[in-house]
Amino acid sequence: MALAGRAALRWGPRLPSPSAAPLCRAAGLPAACERRYSSRGKEKLDMSTYPVESIRNFSIIAHVDHGKSTLADRLLEITGTISKTDRNKQVLDKLQVERERGITVKAQSASLFYNHEGINYLLNLIDTPGHVDFSYEVSRSLSACQGVILVVDANEGIQAQTVANFYLAFEAQLSIIPVINKIDLKNADPERVEKQIEKLFDIPTDECIRISAKQGTNVEKVLQKVIEKIPPPQCTPADPLKALVFDSTFDHYRGVVANIALFGGEIAKGHKIMSAHTKKRYEVNEVGILTPDEQPTHKLYAGQVGYLIAGMKEVAEAQIGDTLFLYKQPVEPLPGFKSAKPMVFAGMYPIDQTEYNNLKSALERLTLNDSSVTVHRDSSLALGAGWRLGFLGLLHMEVFNQRLEQEYNMSVILTAPTVPYKVVLSSAKLIKEYGKDQITIINPAQFPDKLSVSEYLEPTVLGTIVTPHEYIGKIITLCQDRRAVQKDMLYIDENRVMLKYLFPLNEIVLDFYDALKSLSSGYASFDYEDAGYQSADLIKMDILLNGNPVEELATVIHKDKAHAAGKLLCERLKETIPRQLFEIAIQAAIGKKIIARETLKAYRKNVVAKCYGGDITRRMKLLKRQAEGKRLMRKIGNVEVPRDAFIRILKREPDK
């Protein structure tokens, strides 16, 4: 009995397959446990009935909030993948943060079965994010597709991210099906949008499909167009196995679940496979398709998209863009992806240092699900041990922080975001130390002095702004204030204008998007892409407290903006630092030059309170003795910026 009990503890209870999922729910066990048992009880599908000719792999791309997820819901309903209910809203958006914000953060895939003209088709759909920060997710998804549905809002028309996503698909040489959504809205103007699509993308107006994803109008036409216009994958099951890992998630019970697209061969449970990146060998435990829940299958064949579980326990093993092949049957690795380029860096520290190891493990698991985040170890005198993380943008940083809190129950301190600068060294000593004459600086505390540098370089981005024409004047002024250079201006139609500007990245990283939205009453949209580095007059601004620099508050800034930024930071510190028994000088300095100063007055005892009348010299003597005491205290007293003061200063955005 004891042995049986021990086995049950070790391996977990043997639940009967079909009823196990409700039992998991009733027992309050995690969703992953429910998925684990429910997928175990399902009948395995035979995927050999879908030859390559009847497979279509496609993505839905669009600007944020143009109805991608709603269209995906209708497609799932029409093909019978999910039952029709009023609760089908954002079915593929599984993260809590996605449902709360109403945006897609992570690309999700689903396999649909559809009968068209008597032939059964397998349609693999990937729903992608629309926000500029997550364009890396879009480019990854497109690598597993042969075509895209480009969704445009009939009311808002073409926006900045519509243009960016179109060119991603165009460069990948994918078939593009333009769809005009939300035709049921009162102010919808599909004719105007069709003309915009023809003018900007050179797609004839008669190819556009007008739909209402919310009401389901004309959605069936979209499926028929997908089958007619998008070509099947160019591969055969007779080829050796070649599978691309285009996404992965971490399951606490089963390890890594890799999303794969097969470009040749077939894969089944028990196959010995190898990774082209890590050269490690695995045995396949389970393969299947996503409908959108996991549905195990006997095998996956060339051209199909599904998931694979192969006992990968380490976070680094499931490299996005990796190629998997059969053991002892090596193949030429697929090109993979351009690695994501972090645009914004921020320090992350646990609120309590005893939580360091828990936060480390949470970061490792979350970076597997979001491989575009880069992680470097870092430490700070005030905040302790932590990490310097690289993100694709500010929304990406916020979403990552929110996921840490919701999925791993971790509260953290995030420092002010900075951008990566490059420095061309002139000092022979530094060149020898680093082994090269050009280095990248992601932490302002490591910014080298002007004397040992021949040139500073700052990152730039090519920004696209689409706006109604009445806001042009205000937006041009805003862009000029941010040191932007105008590159292009094009009228999409009589009401909308597309502006292209070259921006320094540090000028748009904090509050540019908010300022643009408030200037244009929310009508302007903004998108950017990396445009390399340019020479700039950069300086490091230090914050001194009684002459001692505070490393955590050092910032890299353009020379023209240093005075205003220094004054603002000094004023903030004056509000935040608690008063002492001695006077504190709060200064912003560039090198030896002080550019801004605030003085925090000392607490003073009223030493003349006992003087009532009498000679003035007695009064002056008491005040002089107090002043000498304060001077001595200031020499030996240290100002420690309290931890909560750091948090308040670093978390507050610049005043608008």
To the closest 0.5 Å, what do you measure between CG (Leu490) and NZ (Lys199)?
5.5 Å
Classify the side-chain pair Asn124/Asn57 by whether it contains a donor and acceptor separated by less than 3.5 Å.
yes
For Glu191 and Arg210: C-alpha separation, side-chain torsions, deciding distance, then whether salt bridge (charged side-chain N to carboxylate O under 4.0 Å, His left out) applies.
CA-CA 10 Å; Glu191 287 85 6; Arg210 298 182 188 184; 3.5 Å; yes
Check: Ser54 side chain, Tyr50 main-chain N or O, donor-acceptor pair, under 3.5 Å
no
Check for a donor-acceptor pair, side chain of Arg56 on one end and backbone N or O of Ile230 on the other, with a separation under 3.5 Å.
yes
May I ask you to decide if Gly473's main-chain N or O and Thr477's side chain share a donor-acceptor pair within less than 3.5 Å?
yes
Does Tyr121 have its ring centroid less than 6.0 Å away from the ring centroid of Tyr114?
no
Please confirm whether the ring centroid of Phe391 lies under 6.0 Å from the ring centroid of Phe400.
yes
Aromatic rings His469 and Tyr491: how do their planes relate, parallel, tilted or perpendicular, breaks at 30° and 60°?
tilted
Compute whether any side-chain donor of one residue and acceptor of the other, for Lys229 and Ser175, lie under 3.5 angstrom apart.
no
The criterion is side chain to side chain donor-acceptor pair (under 3.5 Å); which residues satisfy it with Asp184, sequence neighbours excluded?
Ser212
Any donor-acceptor pair under 3.5 Å linking the side-chain atoms of Glu266 with those of Tyr301?
no
Can you tell me how far apart CG (Asn259) and CG (Leu290) are? Round to the nearest 0.5 Å.
5.5 Å
Nearest 0.5 Å please: distance from the CG atom of Asp189 over to the CD atom of Glu194.
9.5 Å
Decide, yes or no, whether a salt bridge links Lys225 with Glu207 under the criterion of side-chain N to carboxylate O below 4.0 Å.
no
Please determine which of Val152, Val193, Ile180 meets the side chain to side chain contact (heavy atoms under 4.5 Å, CB included) test together with Cys208.
Ile180
d(Ile209 CD1, Glu220 CD) to nearest 0.5 Å is 12.0 Å
One thing to verify: whether Arg254 and Glu294 come together as a salt bridge, which I'm taking to mean a side-chain N less than 4.0 angstrom from a carboxylate O.
yes
In this structure, are over 12 heavy atoms from other groups packed under 6.0 Å from Asp488 atom CG?
yes
Is the distance between the ring centroids of Phe503 and Phe512 less than 6.0 Å?
yes
Do Gln295 and Tyr307 have side-chain atoms, one donor and one acceptor, less than 3.5 Å apart?
no
Between Arg74 and Glu77, does any side-chain N to carboxylate O distance fall below 4.0 Å?
yes
Under a 4.5 Å cut-off applied to non-hydrogen side-chain atoms, are Asn181 and Asp153 in contact?
no
Salt-bridge contact Lys182-Glu156 (side-chain N to carboxylate O under 4.0 Å):
no
Taking atom CD of Gln486 as the centre, report whether more than 12 heavy atoms of other residues, nucleotides or ligands fall under 6.0 Å from it.
yes
